[in-house]
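Take a look at the structure set out below.
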Amino acid sequence: MNPELQMFVQNELNTLREQNTYKERRYLESEQGPRAILNGKRVVMLCTNNYLGLANHPRVKEKAIQAVKDYGCGTASVPEVCGLTDLHAELCRRVAAFSNTEDALLYSSCSTANMGVVGALAGEGDVIISDQYNHASIIDGCRLSKARTVVFPHNDMNRLEQVLRDESSARLRMIVVDGVFSMEGDAAPLDQIVSLAEKYHAFTVVDESHAAGVLGARGAGTVEHYRLQGKVDVLTGTFGKALGGAGGGYACASREVIDYLYHRSRTFIFSNTMPPSVIATALAALDVLAEEPQLLKKLWENERYFRSRLEATGLKVGGGEAAILPILIGDHQKAYALSRALLEEGVFITAVGFPVVAKGQARLRAQVSAAHTKEDLDAVTIIQDTAAKLGII
Ligand SMILES: Cc1ncc(COP(=O)(O)O)c(C=O)c1O
């Protein structure tokens with residue numbers, strides 16, 4: 001081991017420990033359900049992206065197993081070398097129809113989709129206009145692109161318009177936002193963003209990761225929620241949250257944009273593709289979502305119940321437009337202490353602090369699922385008692 005490297009990483013890790021941002025690894029020893037076993041402890045899981053409980057749905061599991069039997073474990077190559085399977089083609093058709101677009105391209109994750117889309121669709125002479133709170137993979141996409149990036153304050157439409165006015169000479173203007181912001185639990189004002197994009201001849205890229213399977217009448221995401229089908233140029237999303245939870249990502253757009261990404265999107269071209277079991281999981285999740293609309297209804301019932309009980313504790317709760325309920329603590333040490341104490345009591349809610357959110361804005365990020373029972377959500381009593389013991393409320 002190179003001693004300079006060893007010294008460098010040790011110093012960096014020591015700094016993380018001093019700043020109390022060093023993270024212990026956590027391991028699930030059960031399914032990722034509303035109740036789970038985490039590092040040997042039984043917990044109520046209140047920070048799961050498994051919004052509809054589909055990661056453990058019997059039909060979804062069955063389809064994944066069958067796909068391994070039919071197609072094996074994977075294609076063992078990048079798409080260009082040995083091609084994709086007809087399962088890939090089917091999922092492209094299904095996710096494009098789900099998103100109301102002409103076509104789709106599958107990526108190994110939404111992170112790689114964001115990097116591959118943003119990196120490919122904006123280049124030299126273009127400008128990327130990006131919300132301050134966009135997901136890290138969008139930021140990485142901006143870094144990969146040769147375009148200039150201008151960041152606007154979170155959901156600030158006046159500033160977005162100002163930037164669009166200032167950037168009128170750019171060859172292409174891309175506005176890129178998360179549909180639902182994962183740390184805030186709020187949605188982008190897509191109706192206003194689309195109007196501004198039309199006014200200033202910009203195109204739009206929206207990441208539906210926390211919205212697909214959650215928002216909109218059919219659970220198709222933020223675009224459906226705002227009834228803007230056909231008005232957003234590119235949608236990206238993940239199959240690693242509500243839509244089966246096994247991973248994999250997508251980009252949905254017009255036939256021509258998808259064809260261009262097929263030829264130019266580096267994270268698609270130079271990386272292995274979604275394995276058959278994961279594709280089958282996503283296909284089955286889309287089936288269940290369409291056939292069991294009561295899941296979406298239950299998710300929102302649970303969100304309303306949990307939010308009202310949580311707000312009644314006196315804790316400050318953010319969001320309100322998604323199934324993410326950030327418990328806003330502020331002080332970093334207090335947020336992490338609350339998360340640790342809750343885990344001791346059998347309630348798991350992750351704490352997030354700097355650098356994931358700004359300094360002084362540490363929070364616990366609670367999420368609800370359709371799979372939670374009322375009894376699971378009544379863990380709010382433990383949250384209240386624990387927060388009171390720690391002097392937070
Ligand atoms: C908004 C957003 N986009 C993308 C991702 C990444 O998705 P994936 O796990 O498929 O890479 C996440 C996951 O945390 C996310 O919150």
Side-chain angles (χ1 to χ4, degrees), residues 28 30-33 48-99 101-117 137 207-209 212-213 218-221 235-253 255 258-259 261-292 295 371:
L28 272 176
S30 66
E31 289 186 336
Q32 155 71 284
T48 176
N49 295 313
N50 186 15
Y51 291 116
L52 299 171
L54 299 184
N56 315 310
H57 193 288
R59 266 176 73 190
V60 176
K61 290 201 285 195
E62 198 46 53
K63 289 274 183 179
I65 292 165
Q66 191 57 48
V68 173
K69 289 182 181 162
D70 294 344
Y71 290 86
C73 295
T75 55
S77 76
V78 300
E80 198 168 320
V81 175
C82 296
L84 300 160
T85 67
D86 52 357
L87 268 190
H88 289 84
E90 190 184 343
L91 183 56
C92 284
R93 278 194 298 275
R94 289 291 305 281
V95 75
F98 177 68
S99 306
T101 59
E102 285 178 354
D103 205 354
L105 196 65
L106 303 179
Y107 289 79
S108 55
S109 68
C110 184
S111 291
T112 51
N114 283 337
M115 287 187 262
V117 165
S137 55
D207 177 348
E208 294 280 31
S209 287
R218 293 176 305 129
L235 301 176
T236 61
T238 183
F239 297 109
K241 301 190 196 298
L243 302 180
Y250 58 88
C252 289
R255 202 157 285 123
I258 293 300
D259 205 19
L261 290 173
Y262 183 87
H263 290 89
R264 284 286 179 269
S265 187
R266 294 170 66 83
T267 52
F268 170 80
I269 298 168
F270 297 109
S271 185
N272 208 319
T273 175
M274 284 170 71
S277 59
V278 177
I279 296 182
T281 301
L283 281 167
L286 289 171
D287 285 342
V288 176
L289 175 58
E291 290 162 28
E292 299 183 26
L295 288 174

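Positions are given from 1 along the sequence.
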**Q.** Audit row: Glu102, Ile258, side-chain contact (heavy atoms from CB on, under 4.5 Å) steps and yes/no
**A.** CA-CA 9 Å; Glu102 285 178 354; Ile258 293 300; over 6 Å; no

Q: Report the C-alpha distance between Leu54 and Leu295 in whole Å, list the side-chain angles of each, state the deciding distance to 0.1 Å, and finish with yes or no for side-chain contact (heavy atoms from CB on, under 4.5 Å).
A: CA-CA 9 Å; Leu54 299 184; Leu295 288 174; 3.8 Å; yes

Q: Show your reasoning for whether side-chain contact (heavy atoms from CB on, under 4.5 Å) applies to Val117 and Tyr107.
A: CA-CA 10 Å; Val117 165; Tyr107 289 79; 3.9 Å; yes

(Q) If you apply the rule side-chain contact (heavy atoms from CB on, under 4.5 Å), what do you find for Leu84 with Thr75, and how did you get there? (A) CA-CA 7 Å; Leu84 300 160; Thr75 55; 5.9 Å; no

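Proximity of Leu289 to Phe98: side-chain heavy atoms (C-beta onward) are separated by under 4.5 Å at one or more points. Side-chain contact between Asn49 and Gln32: absent, with no pair of heavy atoms (C-beta onward) separated by less than 4.5 Å. Leu106 has its side chain within reach of Cys92: a pair of non-hydrogen atoms, C-beta onward, lies under 4.5 Å apart. At least one side-chain heavy atom of Asp86 sits under 4.5 Å from a side-chain heavy atom of Tyr71. Side-chain atoms of His263 and Asp259, non-hydrogen and from C-beta on, do get closer than 4.5 Å to each other.
The number of heavy atoms from other shown groups lying within 6.0 Å of CZ (Arg264) does not exceed 12. Shown here is Arg59, whose CZ atom has more than 12 heavy atoms of other residues, nucleotides or ligands within 6.0 Å.
Checked by atom type and distance alone, the side chain of His57 never pairs as donor or acceptor with a backbone atom of Gly53 at under 3.5 Å. Proximity of a side-chain donor or acceptor of His88 to a complementary backbone N or O of Met274 within less than 3.5 Å is detected. Side-chain atoms of Asp207 do not come within 3.5 Å of backbone N or O of Asn114 as any donor-acceptor pair.
Of the residues listed (Val95, Val278, Thr281), the one engaging Phe239 in a side-chain contact (heavy atoms from CB on, under 4.5 Å) is Val95, and it is the only one. Each of Leu105, Asp103, Ile269 was compared with Tyr262 under the side-chain contact (heavy atoms from CB on, under 4.5 Å) criterion, and only Leu105 meets it.
Once rounded to the nearest 0.5 Å, the distance linking CG of Leu243 with CG of Leu283 reads 11.0 Å. Here CE of Met115 is found 11.5 Å from OG1 of Thr236. Values are rounded to the nearest 0.5 Å.
The minimum heavy-atom distance linking Ala55 with Gly245 is given by the pair CB-CA, 4.5 Å. Closest approach of Val60 and Val288 over heavy atoms only: CG2-CG2, 4.1 Å. The two residues Cys110 and Gly237 come nearest to each other via the heavy atoms CB-O, 3.3 Å. Shortest non-hydrogen contact noted between Ser271 and Pro79 is O-CD, 3.3 Å. Nearest approach of Gly116 to Thr267, heavy atoms of both residues: CA-OG1, 3.1 Å. The shortest heavy-atom contact between Ala282 and Leu91 is CB-CD2, 3.8 Å.
Using modelled atom types and a 3.5 Å distance limit, the side chains of Tyr250 and Ser99 yield no donor-acceptor pair.
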